[in-house]
Amino acid sequence: MVTLILRRCAADAASPDEAAGVVASLPAAVVQHRSERMLLVDVADDALVEELTVRLHGWIVSRQGPRIQVPDTRLKLRGSDQ
């Protein structure tokens with residue numbers, strides 16, 4: 001399973017509803033989350049990645065990478081015993 005991020009980058013591109021319809025028309029592709037300009041999609045294989053790229057002009061299709069650990073930069077207060 002490959003997780004993709006689809007981002008609308010052109011004003012004349014297909015609407016998010018139309019893009020979700022394209023995703024739904026593909027076998028083994030599911031929209032996990034959607035917003036006004038983005039879709040998070042799970043697809044079964046890499047061939048569907050290429051098909052989405054071809055069918056959704058004005059949308060950027062990219063694989064979701066691994067999560068990046070963000071260090072905790074909050075100030076830590078020490079107890080009064082130190």
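A quick note: this is a predicted structure, and the numbers were derived from the prediction, not measured. Start at 1 with the first residue, then count along the sequence.
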How many angstroms lie between atom [atom1] of [X] and atom [atom2] of [Y], to the nearest 0.5 angstrom?
X: Arg55; Y: Leu48; atom1: CZ; atom2: CG; value: 10.0 Å
X: Leu4; Y: Arg63; atom1: CG; atom2: CZ; value: 7.0 Å
X: Asp42; Y: His33; atom1: CG; atom2: NE2; value: 13.0 Å

Shortest non-hydrogen separation from [X] to [Y] and the atoms involved:
X: Arg34; Y: Ala20; answer: NH1-CB, 3.7 Å
X: Val22; Y: Ser25; answer: O-OG, 2.6 Å
X: Ala19; Y: Trp59; answer: CB-CZ2, 3.7 Å
X: Val43; Y: Ala29; answer: CG1-CB, 3.9 Å

Q) Is the closest side-chain heavy-atom distance between Val2 and Asp45 below 4.5 Å? A)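 The answer is no, as the side chains (C-beta and beyond) never meet within the 4.5 Å cut-off.
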
Q | Side chain to side chain, Pro16 and Arg8, heavy atoms closer than 4.5 Å | A |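 SC-SC contact between Pro16 and Arg8 confirmed.
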
Q.
Please determine whether the number of non-hydrogen atoms from other residues, nucleotides or ligands lying under 6.0 Å from atom CD of Glu36 exceeds 12.
A.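 Not more than 12 within 6.0 Å, no.
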
(Q) Which residue is it: Thr3, Val61, Val23, Ile5? I am looking for the one with a side-chain contact (heavy atoms from CB on, under 4.5 Å) to Val41. (A)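 Going through the options one by one, the only one that passes is Val23.
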
Q. Between Ile60, Leu40, Leu39, Thr53, which is the residue that forms a side-chain contact (heavy atoms from CB on, under 4.5 Å) with Leu6?
A.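 Only match with Leu6 under side-chain contact (heavy atoms from CB on, under 4.5 Å): Leu39.
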
Q | Main-chain N/O of Ala47 paired to Glu50 side chain as donor or acceptor, under 3.5 Å | A |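 Answer holds: no.
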
Q. With sequence neighbours excluded, what pairs up with Asp12 under the salt bridge (Lys or Arg N to Asp or Glu O under 4.0 Å) test?
A.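 Residues passing salt bridge (Lys or Arg N to Asp or Glu O under 4.0 Å) with Asp12: none at all.
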
